[in-house]
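All figures in this text were calculated on a predicted structure; none of them were measured in a lab. Position 1 is the first residue of the sequence; numbering continues from there.
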Amino acid sequence: MNKKLKTEAVDSLFDAILCLKDREECYRFFEDLCTVNELLSLSQRFEVASMLKNRRTYLEIAEKTGASTATISRVNRSLNYGNDGYDMVLRRLDG
């Protein structure tokens with residue numbers, strides 16, 4: 001874990017997210033927290049991660065999501081060398 005990321009403010013944010021009860025509460029909270037573009041960027045990265053795990057090509061991913069090859073590469077690097085956060089969540093969603 002990135003030590004620069006572990007702060008009381010980030011802990012508070014994560015606690016707030018963990019207390020959300022359903023998708024509707026997520027929409028309400030994240031629409032207040034993020035700009036539309038920030039939220040769309042986060043969802044795009046998550047979709048890219050899912051497609052990479054399903055062995056889609058960069059071209060397929062770029063065409064479907066509109067993500068740049070730089071974004072796809074960054075997500076791929078996180079999948080291969082990150083903290084396994086994408087893998088953990090994608091497994092839980094599949095299971």
Side-chain angles (χ1 to χ4, degrees):
M1 180 183 351
N2 186 335
K3 290 180 182 169
K4 292 179 186 177
L5 186 62
K6 182 110 175 84
T7 66
E8 284 186 38
V10 173
D11 283 350
S12 292
L13 173 62
F14 290 164
D15 289 342
I17 292 167
L18 288 168
C19 82
L20 298 171
K21 294 179 181 154
D22 57 29
R23 188 176 291 151
E24 181 59 33
E25 286 188 2
C26 286
Y27 270 100
R28 290 172 56 196
F29 179 70
F30 280 95
E31 282 184 51
D32 285 349
L33 181 67
C34 301
T35 66
V36 170
N37 284 339
E38 288 168 337
L39 197 48
L40 292 174
S41 292
L42 290 171
S43 65
Q44 181 188 65
R45 286 184 218 140
F46 188 67
E47 185 176 17
V48 167
S50 178
M51 293 180 75
L52 285 166
K53 290 301 287 181
N54 288 315
R55 307 260 185 223
R56 299 293 185 254
T57 67
Y58 275 38
L59 181 60
E60 289 174 307
I61 295 168
E63 286 176 352
K64 180 164 189 309
T65 67
S68 68
T69 55
T71 295
I72 298 167
S73 180
R74 188 176 320 117
V75 172
N76 194 43
R77 188 169 42 254
S78 291
L79 283 169
N80 291 313
Y81 305 107
N83 292 308
D84 296 323
Y86 281 124
D87 285 329
M88 175 185 60
V89 171
L90 290 168
R91 271 194 314 272
R92 288 180 185 171
L93 288 172
D94 283 344

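One hydrophobic cluster holds both V48 and L93 under the rule that ILVMFWY side chains link at heavy-atom gaps under 4.5 Å. One hydrophobic cluster, built from ILVMFWY side chains closer than 4.5 Å, cannot hold both L79 and Y81; they sit in different ones. Linking ILVMFWY residues whenever their side-chain heavy atoms come closer than 4.5 Å, directly or via other members, leaves L40 and Y86 in distinct clusters. In this structure, L39 is a member of the same hydrophobic cluster as L20, with clusters built from ILVMFWY side-chain heavy atoms closer than 4.5 Å. Tracing side-chain contacts under 4.5 Å through hydrophobic residues (I, L, V, M, F, W, Y), one never reaches L13 starting from L18; they form parts of separate clusters.
Annotation for F29: atom CZ counts as buried by contact number, over 12 foreign heavy atoms lying within 6.0 Å.
A 4.5 Å side-chain heavy-atom check between V75 and F46 finds every atom pair outside the cut-off.
Between the CG atom of L33 and the CD atom of E38 there is a distance of 7.5 Å, given to the nearest 0.5 Å. Note that CG of L52 and CD of E47 are 11.0 Å apart. Values are rounded to the nearest 0.5 Å. In this structure, the separation between OG1 on T69 and CZ on R74 is 10.0 Å, given to the nearest 0.5 Å. With rounding to the nearest 0.5 angstrom, the CZ atom of R56 is 12.5 Å from the OG1 atom of T65. Distance check, rounded to the nearest 0.5 Å: CG of N76 to NZ of K53 gives 9.5 Å. With rounding to the nearest 0.5 Å, the separation of OG in S78 from CG in D84 is 10.5 Å.
Using modelled atom types, one side-chain atom of D22 and one backbone atom of E24 make a donor-acceptor pair closer than 3.5 Å.
Scanning both residues, I72 and A62, for their nearest heavy atoms gives CD1-N, 3.8 Å. The shortest non-hydrogen separation linking S73 to Y58 is CA-OH, 3.5 Å.
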